[in-house]
Structures are given as structure tokens and as C-alpha cells.
2 protein chains.
Amino acid sequence: MTQMLSALQGIITPEMEKVAREEGRDPEFIRAGVAKGTIVIPANKNHTNLSPVGFGAGLRTKVNANIGTSKGMESEEVHIEKLKVLLEAGSDAVMDLSTGGNLDHLRRTIIANSPVPVGTVPIYQAAVEAREQHGNIVAMTADELFDVIERHARDGVDFITVHCGVTLQTVKRLKEQGRVTDIVSRGGSFLTGWMLHHGLENPLYEQFDRLLDICLEYDVTLSLGDGLRPGCLADATDRAQVQELLILGELVDRSRSRGVQAMVEGPGHVPLDQVAVNVKLQKSLCRGAPFYVLGPLVTDVAPGYDHISAAIGGAVAAMAGADFLCYVTPAEHLGLPTPEDVREGVMAARLAAHAGDVAKQIPGARQWDDDISRARKNLDWEKQIELALDPELARRRHRERNPEGPGKQCSMCGEYCAIRLVEEFLNKR
Amino acid sequence: MTQMLSALQGIITPEMEKVAREEGRDPEFIRAGVAKGTIVIPANKNHTNLSPVGFGAGLRTKVNANIGTSKGMESEEVHIEKLKVLLEAGSDAVMDLSTGGNLDHLRRTIIANSPVPVGTVPIYQAAVEAREQHGNIVAMTADELFDVIERHARDGVDFITVHCGVTLQTVKRLKEQGRVTDIVSRGGSFLTGWMLHHGLENPLYEQFDRLLDICLEYDVTLSLGDGLRPGCLADATDRAQVQELLILGELVDRSRSRGVQAMVEGPGHVPLDQVAVNVKLQKSLCRGAPFYVLGPLVTDVAPGYDHISAAIGGAVAAMAGADFLCYVTPAEHLGLPTPEDVREGVMAARLAAHAGDVAKQIPGARQWDDDISRARKNLDWEKQIELALDPELARRRHRERNPEGPGKQCSMCGEYCAIRLVEEFLNKR
């Protein structure tokens with residue numbers, strides 16, 4: 001039985017219990033959310049070392065980190081180091097997007113070493129194998145694609161991105177629309193190429209029940225991918241994107257009706273004034289399914305700073321109701337991230353998620369700010385650093401700038417420390 | 001005559017002409033804004049090497065960088081290096097907040113080397129001198145404070161932060177309110193200490209016309225400081241903060257009635273859902289005076305990442321109508337920024353300002369995004385880097401990750417580049 005089927009039968013699973021503890025919520029609150037589909041707990045039966053995490057309405061906004069090898073950059077050592085870095089940095093999930101090296105082996109290593117939910121995009125591997133075996137991505141057969149999906153499910157992948165909404169209808173709408181950057185999703189582009197080449201419907205859409213069969217067997221959560229996500233501000237919230245979202249909404253219904261957990265992926269590049277609109281639209285069209293956003297980036301002009309661009313969009317999205325933020329690293333639009341980029345990306349996304357949680361009043365979220373602020377008021381440097389989002393970095397930077405050690409003031413204002421002055425003048429009277 | 005008095009007489013000054021050219025606006029639009037007080041052009045008559053900048057309604061959101069020496073960290077060389085860095089990074093203004101070393105000399109050096117408007121907080125120097133001469137900050141006399149202000153004005157400072165709204169009434173309201181971090185503004189704390197010690201009203205409030213006399217003589221723009229700005233989320237938008245803002249609104253009226261340009265400073269630490277509220281409130285209470293916000297930081301937990309926290313708050317503030325963002329560096333809450341921190345702070349603030357400008361539809365803002373997106377679509381790496389917010393960083397990071405030089409794809413997706421695939425499949429049919 002999947003988490004959802006259990007929930008529908010009124011059963012509170014150990015996974016729901018654990019999520020309830022982590023979130024400070026009643027287990028019944030979690031069960032009801034899973035039954036309704038507004039909360040998902042991606043927990044593949046074969047991911048035995050998983051510590052389950054919940055995503056969705058009323059829960060803390062979560063963060064995902066993507067890592068992956070590429071052809072020519074296939075080092076397993078670096079790949080595993082990135083996993084270690086993202087876990088230490090506090091990511092709530094990881095996606096293995098590898099396209100270089102021994103993909104089955106890499107994925108199994110990630111799952112074996114990840115206590116957080118693991119996601120994949122099976123079509124990447126299907127495309128790589130089609131190229132290897134047939135010399136061409138479009139030569140991939142539907143059976144081969146489903147075979148890869150089943151392999152991922154069997155290995156213990158907790159959630160898979162499947163671009164089921166890239167249909168003949170969506171592609172037609174894309175052509176009518178006209179875009180600056182057309183399709184920037186790799187999975188979306190593979191499928192579009194395949195469909196145009198064969199003149200056939202997307203097998204992930206046409207054989208959606210086959211996908212659900214696999215998900216039911218292993219309790220894989222669907223992450224309904226946005227193959228038509230905008231790749232620049234000019235393409236945001238256009239008819240192609242919204243057409244795909246309409247279809248994804250219908251597929252959420254179909255998933256739920258069979259007891260398969262589903263979340264929906266979202267943009268992308270979005271002007272700041274359209275971010276909340278996108279979240280509200282998804283929540284409405286997809287009947288409150290958890291929303292997993294990539295960024296969104298609020299400007300196209302910031303390569304090298306896209307983690308900041310994404311933090312702006314992610315915070316506003318989280319405030320509006322997004323449940324799950326995919327990190328963006330400083331290497332976005334420039335190349336593969338280094339382990340240090342991974343670390344920075346996770347921290348920026350966690351900051352954004354927390355800012356959103358404070359704003360949408362997730363129970364307990366503000367307590368963290370109040371605690372560190374009291375430590376700041378008391379000039380208690382040890383406590384401030386301990387409570388920091390990234391204690392290691394805060395400690396290092398503070399020491400560099402205050403080599404004499406933490407005194408009763410920092411080097412920023414020195415003896416003109418406002419906190420100390422007011423303490424003297426205001427509070428001692 | 002000040003810019004405002006000229007504008008009121010229907011005169012379009014060379015400074016207004018220059019701002020109009022920079023902003024792609026009609027000179028009459030600028031004149032009307034300056035006359036009304038919704039636009040300020042801080043341009044001290046004695047800042048002879050100034051290239052004037054406009055701040056306010058309908059104009060591009062601007063960015064300020066604070067630099068300053070501290071006792072024990074007084075290197076003039078580092079101070080000037082920071083000026084160089086912030087100018088290269090594209091800051092629209094600079095504030096010299098020095099409290100260590102020869103303050104008159106440092107300030108004059110900054111003004112002589114700055115083509116952008118220079119701001120100061122004269123009470124810092126008044127406090128340092130009071131300590132040196134009388135052994136105690138509270139021993140400062142009102143005449144000594146006004147003497148420092150006049151010295152700054154004479155030297156060519158374009159805008160001064162003056163905490164005129166920290167009055168006996170405001171401090172009483174602060175006591176009634178009760179706060180986690182009381183006062184975190186240095187100027188606010190000096191004045192509060194002074195007032196409590198002497199039992200007298202704030203001279204900057206009581207002798208406001210004396211301040212206006214100085215401003216009129218040199219055309220110094222007032223930046224009405226928020227001494228009661230919240231130092232943590234818990235204190236945001238409280239009665240003490242709003243009481244001060246009410247008084248600042250009245251002082252905006254008084255400034256305008258005498259032809260003195262005035263803007264208003266804002267928080268600070270503000271939960272994300274209160275950022276737009278703060279901007280709308282300021283615009284309403286201060287009759288559309290330009291709003292100069294410090295951050296705002298949307299969480300208290302991120303020392304080491306406060307430039308990102310400020311970028312989130314700053315972007316949302318700019319979208320809601322804030323006109324001028326004071327940068328926050330990664331060193332905030334930890335110590336004095338290094339030149340590299342200054343650079344990162346300016347870039348993060350410029351990113352936020354631009355995201356806000358796109359959202360509030362400042363004419364021409366989106367063109368930048370559209371241009372870089374077209375270069376991205378065309379896999380034109382040179383053009384993308386040239387158009388980047390920080391071309392130097394983008395080039396370095398791209399080269400590091402793509403040592404073989406810019407090909408038709410980046411190392412991120414390698415041969416599975418979505419843009420190239422769609423180009424092949426979709427557009428060539």
C-alpha cells in the first residue's frame with residue numbers, strides 16, 4: 001500500500017508519525033493531508049535507509065539540491081562529495097540528474113548513502129541509453145523509457161520527474177505562442193523531439209496508467225515536470241506554460257484517484273510580480289497539490305548570482321504557498337556546480353524557504369529568528385553563531401574580522417555599538 | 001537655489017537634464033517630480049566632480065554602498081579601495097560612515113574621488129569628537145553637532161542622514177512598546193542616550209529649521225533617518241517605528257515648504273509579508289517622498305548570508321515602490337566588510353533593484369533581460385557574458401567550468417543541451 005492508500009483507509013503509518021514529529025504537527029493532520037493529496041511523503045519501499053520527509057500544505061517549506069555527472073565530468077568521487085556537502089548543508093532532498101558514467105551504479109550509490117528522499121529524471125538515462133544503443137535520442141522506444149522508470153523505482157527512487165504534460169496539444173500551443181527561449185527543460189526537449197520525429201503522442205501521457213502501476217508497486221511519488229517552463233522572463237506565464245499546467249492538474253486527479261502521490265513542478269524564470277500569481281494558479285488548477293518550484297529566477301541578467309535571484313523568487317513563492325524549492329547554484333547558466341557551489345545553493349534556498357515560512361506563519365518558524373535576536377541583543381556571540389543558518393561560515397567570518405575573539409561588541413561599530421550604548425543609557429535608568 | 005527651488009520656479013537645471021538623459025525620461029518629468037518632492041537629486045554645490053543621480057518615483061531603483069573606518073581599523077588605503085570597488089561594481093551612491101582615523105580628511109578624500117552622490121551621518125563624527133574632547137558622547141552640545149553638519153555640507157556632502165524623528169515622544173512610545181532589540185541604529189542610540197541624559201528634546205528635531213538653513217545654503221538633501229528601525233523581525237512595524245515615521249512625514253512637509261529636498265529611510269529587519277506594507281505606509285505618511293530602505297532583511301538567522309536576505313527584502317520593497325536600496329554585505333552582523341564583501345553587497349543589491357524595476361515596469365528595465373535571453377537562446381556566450389550583471393565574475397566562472405572555451409553548449413548539460421536539441425528538432429522542421 002502507498003502512503004496515500006494507507007491514509008485513505010485512516011491508517012497513520014510510521015512515516016506519517018515521523019513527519020508529524022519533525023513538523024510539530026498532530027499525526028492526524030499529516031494523515032488527512034496525505035489522504036487529500038495536499039501533502040506527499042515520498043518514501044519508496046526499497047529506500048530502506050530513508051528518514052521520511054513531508055512536503056505540502058501547512059508544513060515547513062523544503063529544499064532540494066540537484067547533483068549529477070555529465071559526459072566528460074563523470075567523477076564518482078566528486079558526485080559523492082556533493083551529496084555529502086548538500087546533506088551537511090541541510091538539504092531536505094536530493095535529485096540525481098547524472099548523464100555521464102555508469103548511471104545505474106551512481107544512482108544506487110546515492111540512494112544507499114542518502115537518508116533524505118532521492119529524486120531522478122528517468123528520461124535522462126533513457127536518452128543516454130538510446131544514444132548509446134541506437135545512435136540517436138529519438139530512436140528511444142516507449143518500452144525502453146518505461147523500463148528505465150521501473151529500474152529507478154526498483155532501486156528505491158522516492159520521486160521521479162516525468163514530463164507528462166508535454167503533449168501534442170502543448171507543443172502546438174507553444175508554436176502558436178512563439179517564445180524567446182522555446183524549451184529549456186532537457187526532459188521536455190527530448191520528448192518534444194521524440195514526438196515531432198515520430199508524429200506520436202508523448203508515451204508518458206498516453207500510457208499514464210502504466211506509470212501509475214509502477215508508482216503503486218513501489219510507492220514512488222510523481223513529480224509532474226514542467227517541460228514548458230519559461231527559460232526567460234519574456235516567456236513566463238504564457239499560454240504554453242499554462243496549457244501544460246492544465247494537463248498536469250488533470251493528471252494530479254488521475255494519480256490521486258488511484259492512490260499515487262503527486263506533486264507538480266513549476267517555473268523557472270518569472271518576473272517578481274508574477275511569482276505569487278503562478279503559485280496561486282497552480283494551487284487552484286491542481287487542487288492544492290504540493291508545488292515544487294525551480295527558483296524561480298526573477299531576472300535573466302545575473303549569471304554568477306542566480307542563487308540570489310532564485311532566493312528572491314523562492315522566498316516570494318514560498319510565502320504564496322509553494323512547498324518545495326529546488327535550489328539554484330551560483331554556477332547556473334555557466335556550467336556544472338562545484339561542491340562549494342552546492343553548499344551556497346542549499347544555504348540560499350534554505351534562507352528563502354525560511355523567510356517564506358515566517359511570512360506564511362508556519363508554526364514555530366519565527367521562534368528561530370526570535371532566539372537568535374535575543375542572543376544578538378545580549379551580545380552573546382557563541383549563541384548567535386550556534387543558531388546561525390550556517391554556523392561554520394558565521395564562525396569563520398566572525399573570527400576573520402574579529403581576530404581578538406568575541407568581545408562585547410563587533411568590529412563593525414566597535415566602541416560605538418548601538419546595542420551596548422542603549423543598554424547603558426536606556427535600560428539602566 | 002536648490003534643485004527643488006529651481007524646479008518650483010519651472011527651471012530645468014543641468015542636473016535635471018542629466019538625470020532625464022540617464023533615465024530615458026523627459027526633462028519636464030524630472031522637474032515636476034523634483035518640484036513635488038517625489039524625486040530628489042542630491043547635488044551639493046560644492047561636490048564639483050559629481051555626476052548627478054535622481055532617486056524617486058518613476059526612476060530606476062538605486063543602490064547605495066556604505067563604507068567606513070572604525071577605531072583600530074583605520075586604513076585609508078583600504079577605505080579608498082572600497083570606494084573604487086563599489087564604483088566599479090556599479091553602486092549609484094556611497095555613504096562614508098567612518099568613525100576611526102582623521103574623519104575630515106577621509107570624507108574629503110571620498111568626495112574628491114566620487115562621481116556618485118556622497119552621503120554621511122554627521123552625528124557619528126560629532127559623537128567621536130565629543131568622546132575625544134569631553135570624554136563622553138552625551139557631553140556633545142547641540143552647537144557642536146550643528147558645527148559638524150555644517151562642516152559636512154561645506155565639504156560637498158550630497159545627502160546627510162539625520163535622525164530627527166527620535167524625539168522624546170518616540171522614545172516614550174518605545175518604552176511602552178517593549179522590544180527585543182530596542183535600538184540598533186547607532187545615530188538613534190547616541191541621540192536617545194543624549195536625550196535621556198539631559199532630559200532635553202532631540203536638537204535635530206527642536207532646531208529643524210537650523211538644519212534646513214544649512215541644507216538650503218549648499219543644497220544638501222535630507223535623508224530622514226530611522227533611528228527606531230527594527231533590529232529583528234519581532235520588532236518590525238511596531239508602534240515605536242510607526243510613531244517615528246509619522247514625525248518624519250511631518251518633517252518632509254516642512255522640508256518641502258522651504259525648498260529642501262528630503263527622502264526618508266526605512267527598515268531594517270522585516271518579515272517578508274510586511275515589506276510591501278512598510279513601503280505603502282511610508283509612501284502614504286510621507287506624501288510620496290523617496291524611500292531609502294536598509295535591506296530590509298527578511299530573516300534574522302542568516303549572518304554570512306545577509307546580502308541574500310537583504311536582496312529578497314530589497315526586491316520586494318522595490319516592487320512595492322521603494323526607490324533606493326542600501327546594500328547589505330555578507331559581513332553584516334559579523335564585522336566590517338572587506339573590499340570583496342563590498343563588491344558582493346553591491347551586486348546583490350543591484351540584482352534586487354533590477355528585479356524590482358522589472359516588476360514595477362520601469363521603462364526599459366525588461367529590455368536587459370530580453371537581450372541576454374536572446375543571447376542565451378543563440379548560445380552566444382560572449383554576448384551573454386558581456387550583458388551579465390557582473391561580466392567579470394560570469395566570465396571567470398564560465399571559463400573555470402568550461403576550460404575548452406565557449407562551444408555551442410555549456411558543461412551543465414553537455415551534449416544534452418535542451419536549447420540545441422530543440423533547435424534541431426523543433427525549429428528546423
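Just so we're on the same page: letters track the sequence lines, and every chain starts at 1. Atom set for the values below is all heavy atoms of this structure, side chains included, hydrogens, waters and symmetry mates excluded. Since the structure is predicted, the reported quantities are computational estimates derived from the model, not experimental observations.
Heavy atoms from other residues, nucleotides or ligands lying under 6.0 Å from CD of B/E340 number more than 12. Heavy atoms from other residues, nucleotides or ligands lying under 6.0 Å from NZ of A/K383 number 12 at most.
Considering every non-hydrogen atom in both A/V316 and B/V316, the closest pair reads CG2-CG2, 3.6 Å. Contact between A/A394 and B/L334 at its shortest, heavy atoms only, is O-CD2, 3.7 Å. When all heavy atoms of B/R397 and A/G304 are compared, the pair lying nearest together is NH1-O, 4.2 Å. Annotation for B/N402 and A/G335: closest pair ND2-CA, 4.4 Å, computed over non-hydrogen atoms. Between A/L272 and B/A355, the closest heavy-atom pair is CB-O, 4.1 Å. Closest approach of B/A348 and A/I308 over heavy atoms only: CB-CD1, 4.0 Å.
When heavy atoms are compared at a cutoff of 4.5 Å, B/E400 does not approach chain A at all. With a 4.5 Å cut-off on non-hydrogen atoms, B/P391 does not touch chain A at all. Proximity to chain B (any heavy atom under 4.5 Å) is shown, for A/L389, by both the backbone and the side chain. Proximity to chain A (any heavy atom under 4.5 Å) is shown, for B/R374, by both the backbone and the side chain. Contacts between B/S185 and chain A at a heavy-atom distance below 4.5 Å involve the backbone alone (N, CA, C, O). For A/Q274, no part sits under 4.5 Å from any heavy atom of chain B, backbone or side chain. Using a 4.5 Å cut-off between heavy atoms, B/R366 contacts chain A through its side chain alone, with no backbone atom that close. Contact annotation for B/V128: both backbone and side-chain heavy atoms come within less than 4.5 Å of a heavy atom of chain A. The contact between B/R131 and chain A is made entirely by side chain atoms (from C-beta outward), counting heavy-atom distances below 4.5 Å.
Contact tally against chain A (heavy-atom pairs below 4.5 Å) for B/H354, B/R376, B/K71, B/M319: the top residue is B/R376. Most heavy-atom pairs under 4.5 Å with chain A: of the set B/G231, B/G187, B/G313, B/S309, this distinction falls to B/S309. Counting heavy-atom pairs closer than 4.5 Å to chain B, the top residue among A/D371, A/L297, A/T181 is A/T181. Of all the listed residues (B/D370, B/V358, B/D390), the one sharing the greatest number of non-hydrogen pairs under 4.5 Å with chain A is B/D390. When each of B/A388, B/A234, B/P271 is scored by its heavy-atom pairs under 4.5 Å with chain A, the top score falls to B/A234. Counting heavy-atom pairs closer than 4.5 Å to chain B, the top-ranked of the candidates A/I312, A/I385, A/V184 is A/I312. Here B/V180 is the residue among B/L97, B/V180, B/V275 with the most heavy-atom pairs under 4.5 Å with chain A.
Within the model, atoms CG of B/L233 and CD1 of A/I372 stand 10.5 Å from one another, a figure rounded to the nearest 0.5 Å. In this structure, CG in B/D341 is found 4.5 Å from CZ in A/R401, a value given to the nearest 0.5 Å.
Classification of B/K377 and A/D235 as a salt-bridged pair fails, no side-chain N sitting under 4.0 Å from a carboxylate O.
B/D369 places no side-chain N or O within donor-acceptor distance of the main-chain N or O of A/T299, the cut-off being under 3.5 Å.
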